[in-house]
Structures are given as C-alpha cells and as structure tokens.
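Atoms within a ligand are numbered from 1 in the order they appear, just like the ligands themselves. Quick note: residue numbers are just sequence positions, from 1.
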Amino acid sequence: MFKVLVSDPISDLGIQQLMDAADVQVEKKTGLGEDELAAIIGEYDALLVRSQTRVTEKIMAAGTKLKVVGRAGVGVDNIDLEAATKRGIIVINAPDGNTITTCEHTFAMMMALARHIPQAYAKTVGGVWDRKSFLGVELRNKTLGVMGMGRIGSEVAKRAKAFGMNILAFDPFLTQERAEKMEVKLASVDDIIRNADFMTVHTPLTPETRHMISRPQFEVMKKGMRIINCARGGIIDEVALVEAINEGIVAGAAFDVFEIEPPQIDHPFLSNPKVIVTPHLGASTVEAQENVAIDVSEEVLHILRNEPFKNAVNMPPVAASVMNRLQPYFSIGEKLGSFAAQSANQAVNEIHVDYAGDLSDVDTLPLTRYIVKGVLAHHLGSGVNIVNCMHLAKSRDINVVVTKASKSKGFTNLLTVTLKTQNNEETLVAGTLLNGYGERIVQIDKFPVDVAPEGHQILISHNDKPGMIGSVGTLLGQNDVNIASMQVGRKIIGGEAIMILTVDKAVQKDVLNQLTTLPELNSAIEITL
Ligand SMILES: NC(=O)C1=CN([C@@H]2O[C@H](COP(=O)(O)OP(=O)(O)OC[C@H]3O[C@@H](n4cnc5c(N)ncnc54)[C@H](O)[C@@H]3O)[C@@H](O)[C@H]2O)C=CC1
Ligand SMILES: O=C(O)C(=O)COP(=O)(O)O
C-alpha cells in the first residue's frame with residue numbers, strides 16, 4: 001500500500017482517482033510547519049503540494065520512503081529540486097492545467113487597474129458615492145508589453161488582441177517567425193519599457209529575471225505605465241516600483257505575487273492607493289484546481305506503480321548500459337550549453353551538437369539532453385531538466401541537430417555546441433575532458449583557447465592591440481575584481497581577438513559597462529557556470 005500525503009489545499013475531485021486506487025491511501029494534513037512535516041514525512045511514498053508547503057532539504061532528508069513530490073501547479077520554487085535529485089526523489093508538476101485561469105486573472109487585474117474597480121468598490125460599500133475620483137482608461141489602442149511569452153504570456157497576448165491592444169512581446173526564445181505567427185511585435189525589454197502603456201510579466205523567477213524591472217528601467221519608462229505581475233514576486237523590484245509610483249512615472253500596479261508571501265502588514269503596496277493586490281490567486285479557479293490535481297494525481301500513480309511518466313522536473317532517466325561511457329561528459333556538456341547560451345545574444349532557433357571521437361559510436365541522446373538543458377536553463381530556470389528539455393526545445397521551435405564524426409582533432413572526444421540564431425548568427429563553444437586536467441573549453445567561435453569552465457568568467461571581444469590585457473586588468477583591479485586566470489585567443493596578429501578571464505566573484509553590470517568603454521574593446525559578457 002502506497003501512502004500519499006496532501007499538505008496543501010488540493011481539489012478533492014482532482015485527487016479522486018488517487019483516493020479510489022486500491023493500492024493507495026491518501027491523507028490530508030494542511031498548514032504544517034517544516035518541523036511538523038519533517039516529523040511525519042518518513043511514513044509517506046508521495047507528497048502532494050501547491051505553493052504554500054516549502055519542501056526543503058530537511059523534509060527530503062526525513063522522507064526516507066519518498067519517491068515523488070507532486071506540485072499541483074507550475075512554479076516549483078518552493079521545492080528544493082537539488083535536494084530531491086540528490087536523493088532520487090522525482091519532482092513532477094502540472095504545467096498546463098492552470099494556464100488559462102492565470103491568464104484570465106491577469107486580465108481581471110489589468111481591467112481592475114484600468115478602471116480602479118477595487119478602490120471604487122471600497123468607497124461605494126463605505127457609503128461614499130464618488131464618481132469623480134475614478135476616471136479610467138480604455139484598453140483599446142493601448143500598447144501592452146508582455147515579458148515572457150510561454151504558456152500564460154501567449155494566452156494573455158491572444159486575449160489582448162481581441163481587446164484591440166497592440167502587443168510588444170519579449171522572450172529570449174521568441175523568434176521573428178513565431179512572433180509573426182502569434183501576430184505580436186517582437187520587442188526588446190527596452191522597447192517595452194519605453195513604449196508600453198501596460199506591461200505584464202510572465203517569466204519564472206530566475207537570477208536573470210530577478211528585479212529585471214528595477215530603478216534603471218523605471219528611470220526611462222514611458223510615463224503613466226500600468227504594471228501587472230501575476231507570475232512571481234521579485235521579477236519587479238517592489239521598492240523601486242513604489243518609488244516610481246510616488247514619482248508619477250507609474251500610474252498603477254496590480255500584483256498577485258510578492259517577494260515574501262504573505263507580505264508583512266506594513267508592506268508599502270498595502271497602503272498605496274495606486275496598487276491593487278490579490279493573495280496569489282492566479283491559479284485559484286475550480287477548473288484549474290481540478291485540472292492540476294488530476295494531472296498530478298495521474299503522474300503520481302504512474303511513478304508509484306513504476307510506469308512511464310512525463311512531467312518530471314528533475315529526474316534523469318539514463319540507461320545503465322550507456323551511463324559508464326557518457327556520464328563523465330554530462331557536466332562539461334551542460335556547461336558548454338550554458339556557456340553558449342550566455343554568450344549568444346539573440347533568440348536561438350537551432351542547437352547543433354557535434355560529437356567527434358570515440359563517443360560517435362554510442363547513443364549520445366542522454367548527453368545531448370544535458371547540453372540542451374544547459375542551453376535552455378539559462379532562460380527557463382529550474383523548470384528545465386534532462387527529462388523535459390527536448391520537449392521544451394520543440395515547443396519553442398528550437399531544432400536540436402546532432403552530427404557525429406570519428407576524427408576528433410587530437411582529443412579522445414570533442415563536443416562542439418553551436419547555437420544558431422534567427423539572424424543566422426552562430427555562437428560556437430567546444431570542449432573536452434583532458435586526461436589528468438579535467439574539463440576544458442578548447443574553442444570559442446573561431447578562437448582556440450584552453451579554459452577550465454567554472455565559476456565566474458568574463459568573455460571579452462576586442463581588437464588585438466598592445467595594452468589590452470593591461471587596461472582590462474587595471475579596470476577590474478580598480479573595481480576590486482580579482483582575476484584568477486586569463487586567456488587570450490586570436491587568429492591573426494592585430495585582428496579580432498577574445499579574452500576570457502576567470503574572476504573570484506560575480507561582476508556588477510556597471511563594471512561590464514565600464515569595460516565596454518575601453519578603446520578597442522567590442523563587448524564584455526559575464527558567464528557564470
Ligand atoms: N499567480 C499564480 O498563481 C501563477 C503563477 N504562475 C507563474 O507564471 C509564470 C509563467 O508561467 P508559464 O507561462 O506557465 O511558464 P512558461 O515556462 O510556459 O513560460 C515562461 C516564459 O518566460 C520566458 N523567460 C525566461 N526568462 C525570461 C526573460 N529574462 N525575459 C523574458 N522572458 C523570459 C521563457 O522563455 C518562457 O517562455 C511562472 O513564473 C509561474 O510560476 C503560474 C501559474 C499560476
Ligand atoms: O502554479 C503556479 O506556479 C502558482 O503560482 C499557483 O500557486 P498555487 O497552486 O495557487 O499555490
């Protein structure tokens with residue numbers, strides 16, 4: 001008999017099939033603290049949660065029988081995926097079931113914002129008949145900026161068009177072709193900030209999206225913009241937003257999610273008349289809750305019964321027979337993918353992987369998955385894993401092309417990852433495992449290099465002129481950035497060159513900006529591996 005614990009409010013109808021299963025016993029215990037949950041989790045084979053329960057390392061460690069954590073929803077940021085993977089606990093989510101519901105909530109928030117509905121309601125029920133204070137705006141003919149054109153963002157864009165809005169859309173995986181198909185205008189973050197009347201965010205919270213709208217963006221923002229966040233708290237800097245409202249830059253904001261949930265009673269949003277809020281209700285409809293609970297229950301049953309499943313966000317199912325030969329390359333493969341994604345600055349529509357050497361005669365798909373995961377994870381965050389990465393690439397019209405050759409330029413194996421963008425630009429990174437020296441990047445674009453892929457690196461493109469190394473070193477020194485190692489690569493004397501530095505800590509954006517002002521220096525990108 002499998003025991004399943006449901007620790008958040010999850011639809012009874014949705015989990016009916018679990019409750020009906022003869023080999024499963026379901027128990028519901030909501031509102032438990034970490035210690036209380038850790039004290040009982042050892043009895044259970046599966047745990048079902050929404051966003052309230054924090055499934056921490058401590059819970060995983062105590063869950064000695066735990067085979068699966070099921071998230072009845074999309075975001076898995078309340079689950080310690082690393083801890084789960086380390087312990088072989090499969091984490092699954094239900095990515096599709098609440099898309100429309102969350103999209104509709106976003107629309108409800110946008111309309112409430114445009115017409116001051118919560119504020120007007122409060123006054124009216126308070127006995128004040130005030131028709132002067134709540135002059136609204138139409139959505140028709142307004143420009144809506146959508147940041148993140150995944151499942152929810154795309155649905156929001158579709159509905160906004162029906163309201164006569166013009167859509168500017170930004171997503172690192174949105175190509176011109178796909179934008180045209182969706183009848184939206186492909187835009188940069190900057191285009192949206194400067195031109196939109198309404199802006200809505202639909203990205204996951206990743207290191208890159210954290211505070212993606214902050215003071216510098218508010219400073220150049222179109223005056224009077226209205227902002228909606230029904231994705232994750234922290235994508236928009238809450239403090240900077242309140243300042244921008246008080247300075248008259250932002251006309252109003254509608255937030256369903258907060259950097260810390262629930263927010264403290266003195267959170268500045270709660271007393272600001274231009275901010276409307278809901279308590280993380282994006283996914284809260286009868287339909288969505290049934291959908292996600294059904295999806296997650298089905299998957300949990302499959303996993304408990306050792307049957308195939310599809311929505312794992314962490315589980316690496318690699319056949320044992322190929323494991324021994326491929327496994328040593330998993331880490332360098334993922335790093336090459338990540339390195340390439342961080343150095344490409346356009347939407348990618350092809351990931352080309354070339355295997356040269358003795359791996360060319362085995363099924364390299366498990367290794368390709370690590371490379372594709374490395375590429376996608378830079379933008380998609382913790383939701384991408386080696387189980388779902390191929391599907392995610394396909395759903396974003398990204399082709400994964402693999403070629404193989406037995407000759408490997410002198411290495412036992414050489415892995416070459418080339419990202420092709422919609423403008424036919426190519427970013428190439430090649431790497432290998434060197435006997436006795438470990439992982440090495442041996443080529444970046446056309447330049448041969450010898451770099452250990454680890455930590456914080458700065459990739460600089462410059463012209464091969466005397467004094468470049470000195471001026472870069474001096475500028476970094478002045479900014480307290482310590483250089484651990486440095487490599488330069490060039491094809492011909494005096495021509496194009498690259499410099500790759502490994503530094504001891506993350507580099508501030510303004511230091512990278514300062515680097516780009518140096519004479520003969522073309523670009524400087526930070527890469528974190
Ligand atoms: N308020 C609520 O109750 C709910 C919130 N959510 C949240 O909504 C968000 C979106 O969910 P889905 O659409 O299902 O996810 P999705 O994975 O389908 O879409 C996310 C999109 O964001 C894009 N993205 C990543 N980094 C970006 C960047 N720096 N700039 C622009 N775009 C970027 C990705 O390429 C992807 O297309 C997630 O954060 C999810 O957790 C989802 C359901 C309910
Ligand atoms: O699915 C998501 O990402 C959500 O944020 C929904 O959260 P909830 O299940 O309503 O706690």
Side-chain angles (χ1 to χ4, degrees), residues 7-11 14 30 48-54 70-79 93-106 108-109 145-157 168-175 178 182 186-190 192 199-213 228-236 254-258 261-262 277-285 288-289 291-293 295-296 311 313 341-342 347-348 375-384 388 391-393 395-398:
S7 66
D8 281 329
I10 293 182
S11 157
T30 55
L48 258 58
V49 301
R50 282 176 63 190
S51 61
Q52 290 97 314
T53 302
R54 304 209 72 76
R71 169 24 169 152
V74 182
V76 285
D77 28 69
N78 52 321
I79 301 170
N93 69 349
D96 301 310
N98 63 23
T99 301
I100 300 299
T101 278
T102 310
C103 157
E104 289 182 0
H105 192 72
T106 305
M109 293 294 259
V146 182
M147 306 269 197
M149 284 287 283
R151 288 174 291 256
I152 298 168
S154 308
E155 292 295 335
V156 168
L168 295 177
F170 172 70
D171 188 302
F173 288 119
L174 184 64
T175 59
R178 209 168 140 76
M182 292 170 143
L186 184 59
S188 64
V189 174
D190 198 56
I192 292 177
M199 176 173 69
T200 181
V201 292
H202 298 286
T203 70
L205 181 66
T206 63
E208 192 175 324
T209 60
R210 192 179 161 70
H211 289 186
M212 73 188 279
I213 309 298
I228 302 113
N229 183 1
C230 290
R232 277 294 175 269
I235 298 171
I236 294 164
F255 271 56
D256 183 46
V257 285
F258 299 82
E261 292 183 7
V277 290
T278 45
H280 202 142
L281 292 183
S284 292
T285 62
Q289 286 313 309
N291 290 340
V292 293
D295 292 349
V296 91
N311 285 322
V313 287
Q342 293 181 65
V348 170
V375 175
L376 298 185
H378 177 54
H379 294 302
L380 295 183
S382 57
V384 56
N388 63 9
H391 166 77
L392 288 175
S395 67
R396 283 168 173 75
D397 293 340
I398 300 170

Quick one: nearest non-hydrogen protein atom to [atom], plus distance?
| atom | answer |
| --- | --- |
| atom 3 (O) of ligand 1 | H280 CD2, 3.1 Å |
| atom 4 (C) of ligand 1 | T102 CG2, 3.7 Å |
| atom 4 (C) of ligand 2 | R71 NH2, 3.2 Å |
| atom 15 (O) of ligand 1 | R151 NH2, 3.5 Å |
| atom 19 (O) of ligand 1 | G150 CA, 3.3 Å |
| atom 38 (C) of ligand 1 | T203 O, 3.7 Å |
| atom 23 (C) of ligand 1 | D171 OD2, 3.1 Å |
| atom 29 (N) of ligand 1 | T209 CG2, 3.4 Å |
| atom 1 (O) of ligand 2 | V74 N, 2.6 Å |
| atom 10 (C) of ligand 1 | H202 O, 3.4 Å |

Atoms of ligand 2 close to [X] [distance to a heavy atom under 4.0 angstrom, numbered from 1]:
| X | answer |
| --- | --- |
| R50 | 8 (P), 9 (O), 10 (O), 11 (O) |
| G73 | 1 (O) |
| A72 | 9 (O) |
| S51 | 7 (O), 8 (P), 11 (O) |
| A283 | 6 (C), 10 (O) |
| H280 | 4 (C), 5 (O), 6 (C), 7 (O) |
| G75 | 1 (O), 2 (C), 3 (O) |

Please determine whether side chain to side chain contact (heavy atoms under 4.5 Å, CB included) holds for the pair R232 and T209, giving the CA-CA distance in whole Å, both sets of side-chain angles, and the decisive distance to 0.1 Å.
CA-CA 10 Å; R232 277 294 175 269; T209 60; over 6 Å; no
In ligand 1, which numbered atoms sit nearer than 4.0 Å to a non-hydrogen atom of [X]?
| X | value |
| --- | --- |
| H379 | 24 (N), 25 (C), 26 (N) |
| C230 | 1 (N), 2 (C), 4 (C), 5 (C) |
| F173 | 35 (O) |
| G75 | 41 (O) |
| E208 | 29 (N) |
| F170 | 30 (N), 31 (C), 32 (N) |
| M212 | 30 (N) |
| D256 | 1 (N), 2 (C), 3 (O) |

Short version for I152: what comes under 4.0 Å of ligand 1, heavy atoms counted, is both
Select one of side chain, backbone, both or neither to describe which atoms of L380 lie under 4.0 Å from any atom of ligand 1, heavy atoms only.
side chain
Are [X] and ligand 1 in contact, using a heavy-atom cut-off of under 4.0 Å?
| X | result |
| --- | --- |
| R396 | yes |
| T99 | no |
| P204 | yes |

Of the non-hydrogen atoms in [X] and [Y], which two are nearest, and what is the gap between them?
| X | Y | result |
| --- | --- | --- |
| S11 | A293 | O-CB, 4.0 Å |
| V292 | N98 | CG1-N, 3.8 Å |
| V74 | R151 | CG1-NH2, 3.7 Å |

Below 4.0 Å, non-hydrogen atoms only: which portion of L281 touches ligand 2? Side chain, backbone, both or neither.
neither
State, with a plain yes or no, whether a side-chain heavy atom of [X] is found less than 4.5 Å away from one of [Y].
| X | Y | result |
| --- | --- | --- |
| R71 | N78 | yes |
| R396 | L376 | no |
| H105 | S284 | no |
| I236 | V201 | yes |
| R50 | Q289 | yes |

Ignoring hydrogens, just give me the one of G148, G233, A283, P172 whose non-hydrogen atom is nearest atom 27 (C) of ligand 1.
P172
When you measure from atom 8 (O) of ligand 1 to each heavy atom in A231, S395, G97, A347, which option holds the nearest one?
A231
Do any N/O atoms on N98 end up under 3.5 angstrom from N/O atoms on ligand 1?
no
